[in-house]
Structure formats: structure tokens, C-alpha cells
Amino acid sequence: MTHDDNRLGFETAAIHAGEEPNLEPGGTGDLVSPIHLASTFAMDRAGDPSHGYKYSRLGNPTRDALERRLGALHDATHGMAFGSGMAAIATACLGLVSPGDRVVAFDSLYGGTRVFLSEFLDRFGVGVEYVDATDPANVARAMTDDTALVWMETPTNPLLKLCDLAAIAEIAHEYDCPLAVDNTFASPYFQRPLDLGADLVAYSTTKYLNGHTDSIGGALVTDDDDLAEQFRFVQGYALGSMLAPFDCYLVLRGVKTLPARMAHHERNAQAVAEFLADHEAVERVHYPGLDSHPQRDLADEQMDGYGGVVSFEIDGDGAEARAFVESLDVFTLAVSLGGVESLVEHPASMSASYVPEDEREAAGITDGLVRAPIGIESTDDLLADLDRGLSRL
């Protein structure tokens, strides 16, 4: 049996795309893609082997299987796997900008992305302007003829802000400029930016795509052949930033349960957000699934669900927030997100600790802010753990 990976339903593609069992004579019929650890491949013809593989940095059968699946989850023609989310982001930027160009970016980007844009690209004469992209008009005002890339993230980390991807894509394309979207928080299960006009989607596969807290990786997905060619050159030849075969296997395995996991993440996150919104020790809850979220209508319009991350502000100072996160039992105090286990962190002293206090406050990252990626444990256990911790404040 053969199938077109880009015409499968999402749940079917998550399980089958990229892993076609070889039932030809001499094939083994592996239902799961083998882990091809070879660094180099024997050739039957000099420079042009019939099997297509020369050196694992340039191409690997296990990575190819994952990259086909990544594309299929977006009905896209190109998926590319990288050694980390930041490697994917760096590859995208380096493949798209040149000295003298400008980047227009959401002012609520993940901190690592912002560091790369502001501190690394600046060395090469690339300017970056950050705007409040919750209003597309701010993006439009920032665009110039020198803008070579628009970089968005939605929902954002850690305040779960959204931006209107269809409107921003239209603005970017008026300037013949590609729109890239970091879709890590939503995952392709809840949001597919290419369908909304984006040209490129980026992920940390470390998060929901792998889902089991045992692999670091990144991905880019596009339908644009020219963009894909540029990224593959940077991936294989210029930087060698590809994902290792064993990690490709882990992400292939993790993606198979992505639909089931994301549905469970969302159910638990909605319950946690509603519980926190009614708790007297909590001042504010950030979650797109709440009616109180200022962009709830946009979430309903461009997403198929609200995701698995909740952030909230306790009625207390930084010391009390740290005491709270350190008191929990079911939630694990750790950075990252997207695994089956629930985590909790205090951004001001953890993931955003390197940001000056005045900049943190301006970005809305207060000393009382807590971020909680919600796992797939018992809902009752999660709520009880939070209730115990909040009762100590």
C-alpha cells in the first residue's frame, strides 16, 4: 500500500507519514523507521549513488522520514529537522537576511529568539524593530522597502499573546517579504500558519512534537521551494545544524501520539485556567481559552484549540511566587514545556532572569508571574496541588 503523505488526515499523518514499510524483495518491512547511525554511505556510482545518500550531514534516511512527516502535518512539501529550536530559527534568519536588511518582529518573542535577532544579527548589519503585533497596524507602520523578514510567535511565551496571522501575512506580502511564525506553543494540531498565509513555520521539536522530555530538536516547514533550498544549504553545508538520527527517531515516535496528547493537554489547561481565575490568591490568568483573554475571538478564529500552557500572576511579590513554585509536588519546578508532565517556573528568576528588571516589567513579566505548562496527569491531582500551594501564600 502507498499513500500521499500530504493528503492524509492529521491523525493518520501523525502515525503513518514518512514511514512506508519496505515490502520490496530484500526489504525488511519495518513498521518503525530504523535508526540509521551511519555517518557515511557506500556508493555504487561516483558522486551520484542510486540510493541518494552520500554523507549523513547532507541526508539520512531516519531524518528524511521525520522531515516527510513534519511536512505532512502541515500539508506542506518541505520539512527540515535541526539540532534545536534555536538552530532552526538561526537557519531561517541566516537564509533570509543580508547586511543592510531589516527584520520586523513581535515584541513578545521567546527570549532566545530575541537575543539572536538583537545581538547576533546586529553583528552583520541587520536591523530589528520590535512592535506590539497584537495590532496588525503596528506591523504595517514598521514595514519598509528594506524589510526582508517578518518574525511572529503566537501564542507568545510566557504571556500567551496572539497576533492575527492572516492580516500580518497580507501586510508582509505587500512588501514581497516572507512571514515566519514560531508555532511551538500551539503545535500543528491546534494551528497551521501556512494555511493562514505564512511562508515559513518554526518549531522547537523539544516541546510538543516530541512530547516526552527526552530530545532537543527544531524544525522548519514551508511550501516554498526556493526557501527550502536556502534552508537545506544552511542546514547541511553551511552550518551542519541537522538533527541526529536517534533524536529523529524519538520525534517520529513522539509525533504519533501528538493528537491524543494535545487534546489532553488542552482539557487540563482549561480546567487549571478556570480554577486559577476563581482563586482569591491569583490576580490575573493568561490563557486564550478564557473569556477574559483579550484575544479570545482571534483564538477561536485562527486556532483549533487553546494549547497547554497557562501563566498567571499571584497576589504577592517575587519571594512569595518563588515559595509557591517550590512548594508544589505534582508540578515539577523546571524550564521548558510540552512534555507529558506538568512543569512550573518563575520566569523572573528563571527563563527571563537575564533580562534587566525594567525590561521585564515593561514586557509584562512581573515578579509575581508564574508559567505552568500543563501535562496530562489527573486533572484532580493538578488542581489539588495548586490549591495546596496557593493556600500557603
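The shown structure was predicted, so the numbers you read here are calculated from the model rather than taken from an experiment.
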CG/D30 to CD/E19 distance, rounded to the nearest 0.5 angstrom? 9.5 Å
Identify the heavy atoms of R261 and G211 that sit nearest to each other, and give their distance. NH1-CA, 3.4 Å
Decide whether Y110 and V131 are clustered together by the hydrophobic rule: side chain heavy atoms of Ile, Leu, Val, Met, Phe, Trp, Tyr closer than 4.5 Å, transitively. yes
Exercise: do T205 and N210 side chains pair donor with acceptor under 3.5 Å: no
Which heavy atom in M143 sits nearest to a heavy atom in A172, and how many Å separate them? CE-CA, 4.0 Å
Just checking, any donor-acceptor pair under 3.5 angstrom between side chains of E341 and T213? yes
For the residue pair N60 / D64, report whether a side-chain donor-acceptor contact shorter than 3.5 Å exists. no
Intermediate values then yes/no, side chain to side chain contact (heavy atoms under 4.5 Å, CB included), D223 and D75: CA-CA 9 Å; D223 252 335; D75 289 331; over 6 Å; no
Scanning both residues in full, the closest heavy-atom pair of K54 with T40 reads O-OG1, 3.1 Å
So do the side chains of F312 and V370 get within less than 4.5 Å of each other, counting heavy atoms only? yes
Side-chain heavy-atom pair V181, T154 within 4.5 angstrom cut-off: yes
Whether the side chain of E274 engages the backbone of A271 through a donor-acceptor N/O pair (distance < 3.5 Å, no angle test) should be reported. no
Taking the inter-plane angle between the rings of F120 and F124 on a 0 to 90° scale, is it parallel (under 30°), tilted (30 to 60°) or perpendicular (over 60°)? tilted
In Å and rounded to the nearest 0.5 Å, what is the CD to OG1 distance from E313 to T366? 4.0 Å
When you look at D132 and T134, which way does the side chain to side chain donor-acceptor pair (under 3.5 Å) test go after all the steps? CA-CA 6 Å; D132 178 3; T134 58; 2.5 Å; yes
Look at the side-chain heavy atoms of Ile, Leu, Val, Met, Phe, Trp and Tyr, link any pair under 4.5 Å apart, and say whether I314 and L333 land in one connected group. yes
Going from CG on L386 to CG on L382, what distance comes out if it is rounded to the nearest 0.5 angstrom? 7.0 Å
Who are the side-chain contact (heavy atoms from CB on, under 4.5 Å) partners of A273, not counting sequence neighbours? V285, Y287, L290, V310
Report yes if the side chains of E11 and Y189 come closer than 4.5 Å at any heavy-atom pair, otherwise no. yes
Exercise: do H78 and E229 side chains pair donor with acceptor under 3.5 Å: no
Drop me the distance from M262's CE to S187's OG, to the nearest 0.5 angstrom. 3.5 Å
Judged by atom type as modelled, is there a donor-acceptor pair below 3.5 Å linking the side chain of T257 to the main-chain atoms of A260? no
So does I216 have more than 12 non-hydrogen atoms from other groups sitting under 6.0 Å from CD1? no
Any side-chain donor near an acceptor of the partner, Q270 and E266, under 3.5 Å: no
Any side-chain heavy-atom pair of R322 and S349 under 4.5 Å: yes
Set out, in order, the CA-CA distance, both residues' side-chain angles and the distance that settles side chain to side chain donor-acceptor pair (under 3.5 Å) for Y306 and R296, then state yes or no. CA-CA 9 Å; Y306 308 114; R296 169 65 184 268; 3.2 Å; yes
Would you tell me whether Q235 and T91 have side-chain atoms, one donor and one acceptor, within less than 3.5 Å of each other? no
Any M242 side-chain heavy atom under 4.5 Å of F82 side chain: no
Which residues satisfy the salt bridge (Lys or Arg N to Asp or Glu O under 4.0 Å) test with R267, sequence neighbours excluded? none
Without swapping roles, check the side chain of S391 against the backbone of R388 for a donor-acceptor pair under 3.5 Å. yes
Got a salt bridge between R68 and E20, using NZ or NE/NH1/NH2 to carboxylate O under 4.0 Å? no
If only side-chain N and O atoms count, and only distance matters, is there a donor-acceptor pair under 3.5 Å linking D367 with H346? no
Give the intermediate values and the outcome of side chain to side chain contact (heavy atoms under 4.5 Å, CB included) for residues W151 and D182. CA-CA 8 Å; W151 191 279; D182 186 334; 4.2 Å; yes
side-chain hydrogen bond (donor to acceptor under 3.5 Å, both in side chains) partners for S204, two or more places apart: T206, K207
Within 6.0 Å of CG in D145, more than 12 heavy atoms from elsewhere: no
Carboxylate-amine/guanidinium contact R102 D146, below 4.0 Å: no
Can a donor-acceptor pair be found between the side chains of E153 and T113 at a distance below 3.5 Å? no
Distance-only, no hydrogens or angles: does the R57 side chain make a donor-acceptor pair with backbone N or O of G240 under 3.5 Å? no
Look at the side-chain heavy atoms of Ile, Leu, Val, Met, Phe, Trp and Tyr, link any pair under 4.5 Å apart, and say whether F10 and V255 land in one connected group. yes
For the residue pair Y55 and F41, what are the closest heavy atoms and their distance? N-CD1, 3.9 Å
One thing to verify: whether D107 and R114 come together as a salt bridge, which I'm taking to mean a side-chain N less than 4.0 angstrom from a carboxylate O. no
With rounding to the nearest 0.5 angstrom, report the CG to CZ distance, L369 to R284. 10.0 Å
Are L239 and L149 linked, directly or through intermediate hydrophobic residues, by side-chain heavy-atom contacts shorter than 4.5 Å (ILVMFWY only)? yes
Considering all heavy atoms, the nearest Q191-Q302 contact: OE1-NE2, 3.5 Å
Under 3.5 Å: donor-acceptor pair, side chain of S342, backbone of G375: yes
Are a donor atom and an acceptor atom from the side chains of Y208 and N183 found within less than 3.5 Å of each other? no
Could you walk me through whether E67 and L243 pass side chain to side chain contact (heavy atoms under 4.5 Å, CB included), step by step? CA-CA 10 Å; E67 292 182 336; L243 189 62; over 6 Å; no
According to a 4.5 Å side-chain heavy-atom criterion applied to Ile, Leu, Val, Met, Phe, Trp and Tyr, with indirect links allowed, do L179 and L109 form part of one hydrophobic cluster? yes
Which is it for H74 and D195 under the side chain to side chain donor-acceptor pair (under 3.5 Å) test, yes or no, and what are the steps along the way? CA-CA 8 Å; H74 299 76; D195 294 346; over 6 Å; no
Validation row: S215, Y249 side chains within 4.5 angstrom (heavy atoms): no
More than 12 foreign heavy atoms under 6.0 Å from CD of E174: is that the case here? yes
Are the side chains of V128 and E119 in touch, meaning some heavy atoms are under 4.5 Å apart? no
Passes side chain to side chain contact (heavy atoms under 4.5 Å, CB included), L276 versus L390? Steps please. CA-CA 10 Å; L276 293 170; L390 291 170; 3.9 Å; yes
Could you measure the distance from the CG atom of L96 to the CG atom of L200? Nearest 0.5 Å is fine. 7.0 Å
Side chains of D199 and H173: do they bring a donor and an acceptor to under 3.5 Å? yes
Between R63 and L58, what is the shortest heavy-atom contact and its length? NH2-C, 3.6 Å
Quick check: do L337 and E345 have side-chain heavy atoms less than 4.5 Å from each other? no
